[in-house]
Amino acid sequence: MATQKITLAKGLNMGLRKAMEADDKVLLMGEDVGKLGGVFRITDGLQKDFGEDRVIDSPLAESGIVGTAVGMAMRGYRPVVEIQFDGFVYPAYDQIVCQVAKIHFRSQGRVKMPIVIRIPFGGGIGAVEHHSESPEAQFAHTPGLKVVACSNPVDGYWMIQQAIACDDPVIFLEPKRQYHADKAVLDESVTPEPLFTSRVVREGNDLTLLAYGPMVKTALKAAEAASGEGRSVEVIDLRTLSPLDMAPVLESVRRTGRAVVTHEAHVNLGMGAELAARITEECFYSLEAPVLRVGGFDTPYPPSRIEEDYLPDLDRVLDAVDRSWEF
Amino acid sequence: MATQKITLAKGLNMGLRKAMEADDKVLLMGEDVGKLGGVFRITDGLQKDFGEDRVIDSPLAESGIVGTAVGMAMRGYRPVVEIQFDGFVYPAYDQIVCQVAKIHFRSQGRVKMPIVIRIPFGGGIGAVEHHSESPEAQFAHTPGLKVVACSNPVDGYWMIQQAIACDDPVIFLEPKRQYHADKAVLDESVTPEPLFTSRVVREGNDLTLLAYGPMVKTALKAAEAASGEGRSVEVIDLRTLSPLDMAPVLESVRRTGRAVVTHEAHVNLGMGAELAARITEECFYSLEAPVLRVGGFDTPYPPSRIEEDYLPDLDRVLDAVDRSWEF
Amino acid sequence: MTQQPTGETPGFGPNLVEVFGPSQQDGGPELIQLLTPEGERVHHPEFDHDFTAEELRGFYRDMVLTRRIDTEATALQRHGELGIWAQLLGQEAAQIGAGRALRPQDFVFPTYREHGVAWCRGVDPLRLLGLFRGVDQGGWNPDDNNFGLYTIVIGAQTLHATGYAMGMQRDGVVGTGDPDRDAAVVAHFGDGASSQGDVNEAFIFAASYNAPVVFFCQNNQWAISEPIERQSRIPLYQRALGFGFPGVRVDGNDVLATYAVTKAALQRARDGQGPTFVEAYTYRMGAHTTTDDPTRYRLSGDVESWKLKDPIARVEVYLRRNGLVDDEFLAGIQAEADDLGHTLREGCKAMPDPQPMSMFDHVYAEMTDELAAQRDAYAAYLETFEGSTH
Amino acid sequence: MTQQPTGETPGFGPNLVEVFGPSQQDGGPELIQLLTPEGERVHHPEFDHDFTAEELRGFYRDMVLTRRIDTEATALQRHGELGIWAQLLGQEAAQIGAGRALRPQDFVFPTYREHGVAWCRGVDPLRLLGLFRGVDQGGWNPDDNNFGLYTIVIGAQTLHATGYAMGMQRDGVVGTGDPDRDAAVVAHFGDGASSQGDVNEAFIFAASYNAPVVFFCQNNQWAISEPIERQSRIPLYQRALGFGFPGVRVDGNDVLATYAVTKAALQRARDGQGPTFVEAYTYRMGAHTTTDDPTRYRLSGDVESWKLKDPIARVEVYLRRNGLVDDEFLAGIQAEADDLGHTLREGCKAMPDPQPMSMFDHVYAEMTDELAAQRDAYAAYLETFEGSTH
Ligand SMILES: Cc1ncc(C[n+]2csc(CCOP(=O)(O)OP(=O)(O)O)c2C)c(N)n1
Ligand SMILES: Cc1ncc(C[n+]2csc(CCOP(=O)(O)OP(=O)(O)O)c2C)c(N)n1
Ligand SMILES: [Mg+2]
Ligand SMILES: [Mg+2]
């Protein structure tokens, strides 16, 4: 099988196509996913090839989209829902946390909910309000949902297929500012890791830096910069936010004694809080410093001209690395 | 002024009445809040005394209730919204996190949102699904909202008035299983503490136990039981969940060296995560053990016949106290 | 201060009241009826059906047994065996009419009150009690009887119903002309539910995709303490017209009419002609649930006047007057009801509590390591009490 | 496979199509018009108004200047000065008609596209750019001009509008008969928005409380790439009838008709007669926003045919033909437009970026200690870069 260089957008598009080819119960639903191919073109060309019954332009109503997806799932389909932007998932929040998340439990396992809810998330694209949110904690707190975030084209390709194959509902977070940012080589002959695993993306011995989605790139740059100062930073791409795959994280922190978590979401009650709590509980005697968090501030996402101040960046991550050291 | 013994339900009812007497811009809105006085009778008698224009029975639509409350606030009113049960707040989640929370910020302070959203929360009342949820973390993660939880009749009386007087939106959590559980003496001549403060409700030296809402009672019992085993447990009723009032917490933990947080909400990404992260960061060298969390399990709220297994109880809190000790 | 329309405003076309009248006390002239409260069989130009004696006796039996389920469950709640119960008293005809109009391949999405429809679908009535007893959250397999689980969040199931109907379209079981194949969905909901965004979105999706779904609204006049006027100032069935599909109001206390209308609506859906809104005009004779106290908000006179429209009494009068039943038949049904009551009582009390550890089951189809660890830790913790009184 | 209605089903009363026809290409016979695309003044039995020359020239000027704001902003986006821009090209008449029908005491809840209404309300056009440039999220005080901030979450503002109108009822400024006192609210939204639960809930609340609100829907035929048929299979204005209040469809490219109809609807609201739905039937001539590419989903022929219905051209023809304007007047407006363009260009480029630390302001009316601490820590952190290139 030939290898090719793809963007994240392309990887997701290819992955969706594969999943639709593999199982004709897979349907795409959402606003503008048809002719337009979605505002980010992730579903580009799919309606043309699979028809209007499998790539469904929905009325403009997110609760309706997710709620009808629930019914489709009950009828044996595997709907993949696109939410146009992170900030527009909230009208569907009730259906997601009270229905999608609970129906399998409510029915004692009799009714499966193999629904994937794709959400382009995060900021840094110069957009207006509600287009740069990071709602992952609001889903990860909800039992019954699984939450993953991809960070690169190759993961995008595999993870979307794995999420669709999963019999549980998956909130699938796509770092929108990475859609067209970088290319990577996809080799389809390589077997991917399982979906709900984290991955060490750079090895190191002095500090463990945890990131996911859009922050993985920043984390890698920070590790590179830190290595210039003689600090060996291990970077873990969490990939799965619920469940968390703590084994590689704990193994790493036990070795390094220090951890920093970074995400675009607000610090307060963000994923960093949970990671800090778990790491501290499991590695109490290995820690040289408390787990530090570098996230979006606890303010609404600001106007885009100052979003780079809101978002954690290389310098703020490095600052946290320094603070960990100095502790 | 005479003192009297009141339940939490009575305290809230009296507090609402006071607030309505003090400011005729205060309105109550919600399902069944009128003649019925709400399913928990918290608004009992208020429509009769203040009329249908100030105690408004709403159509059965939570987003509509909160959304119209936003408009009322823009027109200068101070709406107090009742959500019938915790599990029914989610249809209004979009209006709460995207509008109520953000309008003051969006308008650069020009438009105030003095809305109180009252939510009877928590379990232990033998109810069916969606009637026993603890959604606090889903609100506390959202900048722009303030989140408080009362735990006793006297606080109920004062805190609801303070919340209504606050110019920011307040999510006001009421531990429904305490509504009619205990009576306390209300002395109106005593000046209450400010709303956004935590309170040490039992002093101790060996471990700090943090609780709020329905778990305060359990925490106090646990402290009592622990004292029988010679362990001096300090109990703090957090009262405010966003902002957190960390000063008394940190002061206490620096003294005791140990902390346990308990709440009914799911452990994963619950308030305990944030408290553990902050305490560890601020008291790293004082901690003898990691901050331990005792919460609802990371499962949907189960059928009520086994809810006592789901909910943290005296024994599970004591177990955590023991585990902290043994660390 | 919240003024009602004071009349005609020049410039607003056909006076609204001419098109859509306000809700009328007795259901209004648009009310479709085949059997009057007095037990007179009347005919309707569009909706009618030749009922066999067998069918009529069947309806009667269904309603009597359904009422018995309801009264037993209410009693069981009073005796502390159930935490709560949502009574259907007065709504038997609406539910049996709707339930009996179904074909096996149709699928039903109920609220929490559709005990009569469940009965028609063959769900073991004992299974209905689990949710209210707190031993489960729905004790039947939806696919066994094509009857979904009770849904408590108001209106949520109407979207599920619409999505399920969209699935049927994709399965090619709509509009084929094969009566054993063509299928449709019924979405149940109440008058209060009609105000929820989800319900209105369900109308939009169903209309947009022309989905085979019947929106069956039991307008029992109350949403807990709020009268229908708080939700709509015109008859509810007219809501559908604004979304571009038909709506009809049927006497929900008339099992014949409800059956005939639902059957026609279902056939329309199965034929590929899309959604229909059926408003079953009825009355909640009991409290909202066993924890409610309706004396706080409604007049006993209203309840009394509705008693005269009892759905069972009118069928009994008709059957007797026409010699379709005799005392023996009626006594037989009473005996059956007593047996059912007994079975429910005993069965309910014998329902075991779930195992505490079961709360970790079925959170996911594919269990996660972290939840398994939480479960195991709790199991180990519980073991420390082994032998103690915990 | 998603079949459309194939005909009449026996048993569903008046055939639906007789009551509510499907949406028609040219807006249908129900379209209220006072000025044809060809610039002919026509009359309407119910909605009419004697326009003074002054008024007509005013509309013309408003539309030309509004279009200029739009083209300038579009150009500014192309030059990188704005992140995005939501164009109103083609919708000038709908917005100016609606905007000019307001009285000072009325209040407006816009979407993100109501630049023309903002103009009528006296909002400085430069302030509109802030949101799209990313320097603020709405740069005006809603109370200065009774014009709310742009709302991006589709439909959310319709509930705010309804609540605001309920507030007006409580303030006693509805139905008093005093024209300087009685007030109403306009809620703007699009055809796509009509599918959102919130919008339908707004209809329910407004009807239930008889709130003084005009639901003004610009049906520009598109919600990004989705045509109106995805949202409704009957004309949108008919949605209102199902909620129990009047709906009308007006030619949204006809500023005269839009003005007359909105004015009547507002008066109805101010008089205490409750909500009205006005569907302004128009067309989005441009892209959804500057980042959209409509060639992917619609035919250029459609756009061409709508060009013939241009809202400005028809007024110009009428004014010229009737000698109400001369070249000098028109040139004067062009000059005014050029000035406005210049002001916008220069003003936009000069708009300062917000101070980074301002993101901590106004999160709360009463700042919290924890946020203040976060702010101070960030300020201290920034100071460590002082003098560096950060
Ligand atoms: C979203 C939501 N809000 C509130 C409730 C609480 N609640 C339960 S039943 C009910 C009234 C329902 O009225 P209606 O739809 O007329 O059905 P009925 O109970 O009369 O059968 C309410 C408000 C709920 N279950 N879900
Ligand atoms: C809740 C929500 N979902 C999705 C979007 C993304 N979005 C922005 S505009 C738009 C289309 C709106 O169409 P319409 O209501 O017809 O208004 P128009 O843009 O045509 O003026 C969509 C889907 C949004 N802003 N909010
Ligand atoms: Mg009802
Ligand atoms: Mg549009």
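Convention: sequence-line order gives letters A, B, ...; per-chain numbering from 1. No hydrogens, no waters, no symmetry mates; every other heavy atom, side chains included, goes into these values.
- In this structure, C/His115 has its ring center closer than 6.0 angstrom to the ring center of C/Tyr150.
- With respect to the salt-bridge test (charged N to carboxylate O, under 4.0 angstrom), the residues C/Asp136 and C/Arg127 do not qualify.
- Contact annotation for C/Ile224: both backbone and side-chain heavy atoms come within less than 4.5 Å of a heavy atom of chain B.
- Most heavy-atom pairs under 4.5 Å with chain C, from the set B/Ala127, B/Pro59, B/Gly64: that is B/Pro59.
- Remark: aromatic rings of C/Phe205 and C/Phe243 are distant, center separation not under 6.0 Å.
- Per-residue counts of heavy-atom pairs under 4.5 Å with chain B were compared for C/Met359, C/His288, C/Gln231; the largest is that of C/Met359.
- For B/Lys48, the NZ atom counts as loosely surrounded, since its 6.0 Å shell holds 12 or fewer non-hydrogen atoms of other residues, nucleotides or ligands.
- Of the N and O atoms on the side chains of B/Ser304 and B/Glu307, not one donor lies less than 3.5 Å from an acceptor on the other residue.
- Comparing C/Thr291, C/Ile84, C/Asp353, C/Asp292 by how many heavy-atom pairs each has under 4.5 Å with chain B, the most go to C/Asp353.
- In this structure, the portions of B/Phe297 lying under 4.5 Å from any heavy atom of chain C include both its backbone and its side chain.
- Taking the six-membered ring where the residue is Trp, the centroids of C/Trp85 and C/Tyr112 are separated by 6.0 Å or more.
- C/Glu81 has a carboxylate O that lies under 4.0 Å from a charged side-chain N of C/Arg133, or vice versa, which qualifies the two as a salt bridge.
- At a heavy-atom separation below 4.5 angstrom, chain C is approached by B/Asp319 within residues 319-327 of chain B.
- Shown here are the side chain to side chain contact (heavy atoms under 4.5 Å, CB included) partners of C/Glu366, two or more places apart in sequence or in another chain: A/Lys146, A/Cys166, A/Asp167, A/Asp168.
- Within the structure, side-chain hydrogen bond (donor to acceptor under 3.5 Å, both in side chains) pairs that include any residue of residues 25-41 of chain B comprise B/Asp32-B/Gln84, B/Asp32-C/Ser225 (at least two apart or interchain).
- For the atom pair B/Phe121 CZ and B/Ile83 CD1, the distance stands at 15.0 Å (nearest 0.5 Å).
- Within residues 188-201 of chain C, the residues approaching chain B closer than 4.5 Å by heavy atoms are, in numerical order, C/Gly192, C/Ala193, C/Ser195, C/Gln196.
- With a 4.5 Å cut-off on non-hydrogen atoms, B/Phe85 does not touch chain C at all.
- Ranking C/Ser358, C/Gly83, C/Gly130, C/Pro354 against chain B, the residue ahead of the rest is C/Pro354, based on heavy-atom pairs under 4.5 Å.
- The distance between the ring centers of B/Tyr93 and B/Phe139 falls below 6.0 angstrom.
- Donor-acceptor pairing under 3.5 Å is lacking for the side chains of C/Gln238 and C/Glu279.
- When ring centroids are compared, C/Phe277 and C/Phe203 come within the 6.0 Å threshold.
- Contacts with chain C were tallied for B/Asp57, B/Val267, B/Val128; B/Asp57 has the most, counting heavy-atom pairs under 4.5 Å.
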